[in-house]
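Single-structure report; data block below.
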Amino acid sequence: MTERKTTYLTTAIDYANGPPHMGHALEKIGADAMARYRRLKGEDVRLVIGMDEHGLNVLQSATAAGISPQQWVDNLADRFRDTWKRLGISNDDFIRTTEPRHKRAVEALIERIAAAGDLYRGTYAGYYCVGCESYKGEDELVPVAEAGAGSAGSAGTATAGAAQAGQREVHHLRCPLHPTRTLLWMEESNWFFRLSRFQEPLLRLLDERPEFIQPEIRRNEIRRVIEGGLEDISVSRARLPWGVPWPGDPEHTVYVWIDALTNYLSAVGFPDPDYTRWWPAELHVIGKDITRFHCIYWPAMLMSAGLELPRGVWAHGFLTFEGRRFSKSAGVWVELDDAIARHGPDAFRYYLLREVPWNGDGDFSWTRFDERYTADLADDLGNLVNRTLSMIERYRAGVVPAGARTSLDERAAVVLDAYRAAMDANLLHQGAAAAMELASAANAFVVERAPWQQVKDPALASELDTTLGSLARALATLATLLEPFMPGKMAELASRLGLERVPRLVELPTMDLAGRNIARGEVLFPKERK
RNA sequence: GGCAGGGUAGCUCAGCCGGUUAGAGCACGGCACUCAUAAUGCCGGGGUCGCGGGUUCGAGUCCCGCCCCUGCUACCA
């Protein structure tokens with residue numbers, strides 16, 4: 001017997017410093033479409049979404065709100081979970097970094113890296129802005145007009161063996177965000193990870209497995225970074241209470257990145273042996289801004305720990321609003337709830353996935369959204385459904401007739417090939433476009449066959465059967481192909497065709513709907529009259 | 001500065017290794033049809049393919065220079 005292919009897909013866990021927004025939604029919707037497509041192919045898919053709940057920002061936000069950090073992240077987790085549910089995201093798990101199962105995995109991973117000899121005690125030194133409560137790179141700072149004696153040394157370098165921690169005031173630079181505060185040069189004893197050791201192995205990885213980072217643009221960027229040389233990174237923080245305590249050194253907490261990345265393992269049960277049922281992950285779906293962490297730090301950590309690497313990382317692009325960067329303070333902003341409410345969650349999903357290239361950046365605009373909704377969903381697809389079901393109801397008493405295959409079935413086969421090619425390459429926007437071609441072809445087919453003429457002539461009864469049968473199959477095919485994009489509406493469409501669920505991809509070529517009782521129902525994508 | 005990607009109809013974009021009159025969708029105009037959400041189908045108008053050189057029988061499609069846009073340029077998702 002053949003075992004079903006298991007596929008583990010992850011998304012970036014979202015930082016618990018604010019409610020879900022459009023950017024979060026784009027990633028989850030895209031990842032969900034990828035997961036749903038693979039399920040339609042018959043794979044056993046596990047899609048995981050989650051929250052990154054440690055760190056200084058969380059602690060500060062909670063304190064400002066007058067609640068405990070745990071209460072704070074609990075509230076946000078509920079909001080995110082609710083949003084994903086409303087958007088029809090089919091995640092199988094929701095991992096949170098404050099969960100015991102996660103802490104356990106982080107400890108186990110660190111112990112493995114330590115056993116490999118890739119952790120050591122060192123000193124992290126850098127400019128520290130008290131106003132920002134964070135370290136600053138030199139390029140983030142501005143010189144003070146009367147440049148005094150400079151303090152030598154670049155920010156953020158590790159000095160192995162240096163033991164003493166300290167701080168002193170810096171007077172020749174200042175933080176542009178807090179110009180009145182005195183900048184500090186701080187040294188902190190931390191744990192370091194020997195990232196430098198993995199420069200060559202990582203370059204080999206990119207050579208041997210070019211598909212590891214997709215799309216290709218991101219791979220080139222990462223290669224440049226690696227070729228530029230890798231320095232060891234500090235992976236623990238002192239004085240940060242809201243985090244996973246460092247194993248064996250509770251004065252420190254695990255640095256946010258190490259903590260967060262490990263979620264991909266903890267969500268499948270690591271270090272319990274059966275985590276390998278899902279690991280290695282098929283794809284980490286992330287934003288293009290965090291490729292470095294997923295394509296350099298993460299594989300290096302896994303190599304060190306002797307664990308398998310994920311098969312790939314997919315970096316999607318970003319969204320602009322009417323051509324400009326999202327910025328709440330500048331008023332360039334769309335509330336996610338408003339976007340969902342406009343035409344419903346399925347239409348919102350369709351718009352984002354059809355309009356925004358999944359391998360690049362895209363734009364959200366209300367005008368385009370409305371145009372897509374009207375042209376694609378209401379007029380093209382929705383009307384096709386309505387007119388087809390109406391004719392089956394009127395001409396054949398609501399029962400799909402048996403009919404020979406037609407040019408429309410041939411067209412559906414061609415569309416299916418193009419669709420699979422696009423979806424297998426993770427080009428979701430092309431997959432959606434391919435599917436919609438079938439809707440257009442079906443509309444043209446209706447006019448060509450003119451069933452309202454066929455029904456008038458009893459001699460053409462079998463011709464009419466052929467027309468309606470073929471149209472019903474086209475609708476079922478559309479329900480399948482568009483299910484990853486609009487799961488709610490397509491399940492509804494399948495139901496109206498008398499199907500208990502959307503057909504799988506392999507079932508499409510031999511599918512026969514003859515004898516099924518259809519239900520016309522309400523218009524699938526109503527147009528609001530204004 | 002360096003590296004990478006991009007500048008093609010009003011808008012969003014396709015255009016493999018160079019080859020007849022540069023394509024699609026949307027928007028716009030005309031015609032047809034009536035099953036349907038005043039929906040659908042067909043036809044059409046519309047482009048100096050960023051700018052300037054070069055290679056070639058022939059270049060959005062290759063080479064050189066320039067202009068403009070975007071991303072990356074390592075520990076803060």
Side-chain angles (χ1 to χ4, degrees), chain A residues 12-15 17 23-24 27 52 55-57 124 126 129 132-137 139-140 155-158 190 192-193 195 215-235 237 255-258 260-261 286-294 296-297 317-318 320 354-357 360-363 365 367-368 371-372 374-380 382-395 429-430 433 436-437 439-440 442-455 467-468 471 520 522-529:
Chain A
I13 53 176
D14 298 307
Y15 195 57
N17 62 352
H24 294 123
E27 174 170 299
D52 178 15
L56 190 59
N57 284 325
Y124 183 88
C129 171
C132 297
E133 294 199 57
S134 70
Y135 283 92
K136 294 280 171 176
D139 54 351
E140 295 176 274
T157 53
N190 282 334
F192 277 77
F193 171 60
L195 180 65
E216 193 176 0
I217 303 169
R218 306 302 156 205
R219 179 159 68 249
N220 295 335
E221 288 175 2
I222 290 297
R223 174 179 290 279
R224 278 275 145 203
V225 172
I226 300 174
E227 286 172 346
L230 298 175
E231 289 180 12
D232 295 347
I233 55 172
S234 83
V235 290
R237 284 286 182 275
Y255 183 57
V256 60
W257 270 107
I258 310 306
L261 287 165
I286 60 165
K288 63 179 184 179
D289 56 329
I290 52 175
T291 49
R292 170 167 313 126
F293 307 103
H294 286 79
I296 298 177
Y297 300 170
F318 284 157
T320 53
R354 174 69 183 81
E355 190 84 353
V356 179
D361 297 330
D363 188 59
S365 99
T367 306
R368 292 287 292 178
E371 284 173 359
R372 281 283 179 203
T374 303
D376 289 11
L377 298 183
D379 294 350
D380 200 358
N383 184 54
L384 172 70
V385 171
N386 195 32
R387 71 198 305 204
T388 300
L389 295 181
S390 168
M391 288 188 283
I392 294 175
E393 189 176 80
R394 291 178 55 168
Y395 302 157
H429 56 297
Q430 288 183 14
M436 289 305 291
E437 279 179 33
S440 295
N443 274 319
F445 179 78
V446 173
V447 174
E448 178 196 324
R449 303 279 297 187
W452 49 90
Q453 299 291 348
Q454 294 173 327
V455 74
T467 302
L468 296 179
L471 282 168
R520 186 177 177 187
E522 295 291 302
V523 159
L524 211 48
F525 298 99
K527 284 200 275 194
E528 66 276 35
R529 47 192 101 81

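Chain naming here is simple, since letters A, B, ... match the order of the sequence lines and numbering starts at 1 in each.
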Going by the rule ring-ring contact (aromatic ring centres under 6.0 Å, His included), which residues pair with A:H24 if we only count those two or more places apart in sequence or in a different chain? A:H21, A:F80

What does A:G229 touch in the nucleic acid at a heavy-atom separation under 4.0 angstrom: a base, only the sugar-phosphate, or nothing? base

Results of ring-ring contact (aromatic ring centres under 6.0 Å, His included) for A:F193 - residues two or more places apart only: A:F198

Tell me every residue that passes ring-ring contact (aromatic ring centres under 6.0 Å, His included) with A:Y297, counting only those two or more places apart in sequence or in another chain. A:F293

The criterion is side-chain hydrogen bond (donor to acceptor under 3.5 Å, both in side chains); which residues satisfy it with A:R219, sequence neighbours excluded? none

With a non-hydrogen cut-off below 4.0 angstrom, is A:A12 in contact with a base, only sugar-phosphate, or nothing? nothing

Pairing residues for A:D52 by the side-chain hydrogen bond (donor to acceptor under 3.5 Å, both in side chains) criterion, not counting sequence neighbours: none

Please enumerate all protein N or O atoms sitting under 3.5 Å from an N or O of nucleotides 32-35 of chain B, with distances to 0.1 Å.
from, atom 1, to, atom 2, distance (Å)
B:U34, OP1, A:Q453, NE2, 3.1
B:C35, O4', A:Y395, OH, 3.3
B:C35, O3', A:R394, NH1, 3.0
B:C35, O2', A:S390, OG, 3.2
B:C35, O2, A:R387, NE, 3.1
B:C35, N3, A:R387, NE, 3.3
B:C35, N3, A:R387, NH2, 2.6
B:C35, N4, A:R387, NH2, 3.0

Which residues pass the side-chain contact (heavy atoms from CB on, under 4.5 Å) test with A:V523, not counting sequence neighbours? A:N386, A:P526

Quick one: pull up CG in A:L471 and CG in A:L384 and give me the separation to the nearest 0.5 Å. 7.0 Å

Can you name the side-chain hydrogen bond (donor to acceptor under 3.5 Å, both in side chains) partners of A:D361, sequence neighbours left out? A:K288

Sequence neighbours left out, what passes side-chain hydrogen bond (donor to acceptor under 3.5 Å, both in side chains) with A:S440? Give chain and number order. A:D380

Identify all pairs in which a protein N or O lies below 3.5 Å from an N or O of nucleotides 1-7 of chain B, and state each distance.
from, atom 1, to, atom 2, distance (Å)
B:C3, O2', A:R224, NE, 3.3

Hey, is the side chain of A:K527 poking within less than 4.0 Å of OP1 or OP2 on B:A39, counting only N and O atoms? yes

Considering heavy-atom distances to RNA chain B, does A:D379 or A:D376 have its closest nucleotide positioned more toward the 5' end? A:D376

With sugar-phosphate meaning primed atoms plus P, OP1 and OP2, does A:V256 contact a base, only sugar-phosphate, or nothing at under 4.0 Å between heavy atoms? base

Students often get this wrong, so: under 4.0 angstrom with heavy atoms, is A:R520 touching a base, only sugar-phosphate, or nothing? sugar-phosphate

Under 3.5 Å for both pairing distances: what stems, at least three Watson-Crick or G-U pairs long, include RNA chain B? B:1-7 with B:67-73, B:10-13 with B:23-26, B:28-32 with B:40-44, B:50-54 with B:62-66

Does A:E27 have any side-chain contact (heavy atoms from CB on, under 4.5 Å) partners at least two apart in sequence or in another chain, and if so, which? A:T11, A:A12, A:V285, A:H316

Given that A:D52 and A:P526 both sit by RNA chain B, which one's nearest nucleotide is further toward the 5' end? A:P526

